[in-house]
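Proteins get letters first, then strands, A, B, ... in listed order; numbering begins at 1 in each.
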Number of protein chains: 2
Amino acid sequence: MALTDDAIAKIRSMIQSGELPPGTRLPPEPQLAAQMGLSRSGVREAVKVLESARVLDVRRGDGTYVTSLAPRLLLQGLGVAVELLRDDTLLEVMEVRRMLEPMATGLAALRMTDADLDELGQILEDMRAAADDAEKLIQFDTAFHHTVIATTGNETLTSLLDGLSGRTLRARVWRGLIEGNAAHQTIEEHHTIYLALRARDQLLAQASALLHVNTSEAWLRTVLAAKSAGG
Amino acid sequence: MALTDDAIAKIRSMIQSGELPPGTRLPPEPQLAAQMGLSRSGVREAVKVLESARVLDVRRGDGTYVTSLAPRLLLQGLGVAVELLRDDTLLEVMEVRRMLEPMATGLAALRMTDADLDELGQILEDMRAAADDAEKLIQFDTAFHHTVIATTGNETLTSLLDGLSGRTLRARVWRGLIEGNAAHQTIEEHHTIYLALRARDQLLAQASALLHVNTSEAWLRTVLAAKSAGG
DNA sequence: ACTATAGAGACATCGGACGTTTGCCGGCGA
DNA sequence: TCGCCGGCAAACGTCCGATGTCTCTATAGT
């Protein structure tokens, strides 16, 4: 396979080299096809690939544009990749989170504003109020951690951790937590993290985040074991 | 746009649900098209996207198969994404590496075998011998860190860090190092990491890796500043 | 000045045709 | 019996042209 992949590489390279800056509009498909020496079908496949990678933005009836190339866009694909990982590699993902999330939470403790803390407190309240609703728990849990990490101001870091904490993964952990009557304890772990952040205590935030990830990992392990054993 | 994206989602969901395990062969394109209610063109675009994400493996003249879904495949896309990030976000990437790589190196200190250490020593020798060849330095530098991280046995972690340390990024750092006459010092930083690993000293490995990433970040900053200033 | 509408431009999708590669299998020879 | 070789068939790679549909814009009318 060469034609289409060449086209993909060519467009990508033109973007990387700065020849096609963010926001640029690409030539119409027929013209692009002529320019790159292949049919329109091939161009469409190439464009589709780059669109799925959030590199290009295709607007029907208008044209095809280069996206902002923001980390939040380009790293979005990580999430879908993680969703497709097989069960036995999910523990590897947790090990990565175990390394990264505490450090990130520690960093957040240094950079967090009062407004951020208030928002976090609100999410914590919501979480406590939703203690019986698995769906909402997952939602608030996601919001909690996302909010914490986002305060680091590092969009790449935020997108990365968001991707590593996919919805499916979170859902499995919470299923285990709820079935194991450990949901309440886990909510309190969030409170502990919150207190450390409010105290702007980097090391404490780091430690409490590590404990929290460890809990998640333990319950994921339980869920995975139950699945592989019980079917 | 719905038809093609629906097809992508449908195939992905069938894989995620286990309906299409790794190695499965998909129906021929015409049949798949009929089954999903769209033309072959649409199916081809969908398949191409999943192929570019290393989810499907298309063998011309044979058929289309589900890949092993190994982390090293699925996380490969991270590399190309990072390559497309704009200059001002590369520092964010370095901040992530600053958090992750020391932890990973520390973990490696615990899990590294004697054979691993020997291999690492060899790479270090190669690096010293290539002190004048930027191309080789980059190559050995990549090999060094990859080897270290790989000894953690965590393929997800390895793929992630590989992706974050793209070739372009490394090249820029080394350009700065060489032009700033700091290449020798940086090679010695590798030696320091090597010694810590050989001593199986987790904390020392972690600290030396942090210093090393910090050096890289500093030189990247220099290169980026020179670029934005000098044109 | 504002709104409605018509037109042009551009992507979305389709269907079929032909080339090319790969895998498989049967046959031949050592 | 083993291994090499050639041919057949299946499946992907690429192309082409036509039609549907959406978006943007400019024009005309109020």
Notebook entry, point to check: So, is B:T64 near the phosphate of D:dC12, with a side-chain N or O under 4.0 Å from OP1 or OP2?
Noted result: yes

Notebook entry, point to check: Between the side-chain atoms of A:R40 and the base atoms of C:dA10, is any donor-acceptor pair under 3.5 Å?
Noted result: no

Next item on the list: Figure out the NZ/P separation between A:K48 and C:dT13, and round it to whole Å.
Entry: 7 Å

Check: Where the side chain of B:V58 is defined as all heavy atoms beyond and including C-beta, which of D:dC24, D:dG13, C:dT13 is the nearest nucleotide?
Finding: D:dG13

Checklist line | Out of D:dC16, C:dT22, D:dC12, whichever nucleotide has its closest atom nearest the side chain of A:S39 | finding: D:dC16

Item checked: B:T24 side, atom OG1; B:E19 side, atom CD - distance, nearest 0.5 Å -> 9.5 Å

Notebook entry, point to check: Between D:dC12, D:dC15, D:dT23, which one does the side chain of B:E29 approach most closely?
Noted result: D:dC12

Checklist line | Protein-nucleotide distance (B:D57, atom CG; C:dT21, atom P), rounded to Å | finding: 18 Å

Margin query: Please check if the number of heavy atoms outside B:D132 that lie under 6.0 Å from its CG is greater than 12.
Written below: no

Next item on the list: Would you indicate what A:G42 reaches in the nucleic acid, counting non-hydrogen atoms under 4.0 angstrom: base, sugar-phosphate, or nothing?
Entry: nothing

Next item on the list: Let me know the distance between CD of B:E45 and P of D:dG13, rounded to the nearest Å.
Entry: 13 Å

Check: Under 3.5 Å, is there a donor-acceptor pair between the B:D162 and B:S159 side chains?
Finding: no

Checklist line | Comparing B:S41 and B:P27 on DNA chain D - which has the more 5′ nearest nucleotide | finding: B:P27

Notebook entry, point to check: According to a strict under-4.0 Å criterion, is A:T4 in side-chain N/O contact with OP1 or OP2 of D:dT14?
Noted result: yes

Next item on the list: Find the distance A:M36:CE to D:dC15:P and express it as a whole number of Å.
Entry: 12 Å

Check: According to a strict under-4.0 Å criterion, is B:R44 in side-chain N/O contact with OP1 or OP2 of D:dG13?
Finding: yes

Note to self: Looking only at the side chain of A:R60 (C-beta and beyond, no hydrogens), which of the listed nucleotides D:dT21, D:dT23, D:dG13 gets closest?
What the structure shows: D:dT21

Next item on the list: Using the closest heavy atom to pick a nucleotide of DNA chain C for each, name whichever of A:R25 or B:L38 lands nearer the 5' end.
Entry: A:R25

Checklist line | Spacing between A:L32 atom CG and D:dC15 atom P, to the nearest angstrom | finding: 13 Å

Next item on the list: Determine the interplanar angle of the A:H145 and A:H212 rings, folded into 0 to 90°, and report it as parallel if under 30°, tilted if 30 to 60°, perpendicular if over 60°.
Entry: parallel

Margin query: In whole Å, I'd like the distance from the CD atom of B:Q31 to the P atom of D:dA10.
Written below: 13 Å

Note to self: Measure CG/A:L26 against P/C:dC11 and give the value in whole Å, please.
What the structure shows: 9 Å

Margin query: Measure CG/B:D62 against P/D:dC12 and give the value in whole Å, please.
Written below: 8 Å

Check: Among D:dA11, C:dA12, C:dT13, which nucleotide sits nearest the side chain of B:P28?
Finding: D:dA11

Note to self: Are more than 12 heavy atoms, taken from residues, nucleotides or ligands other than A:R59, located less than 6.0 Å from that residue's CZ atom?
What the structure shows: yes

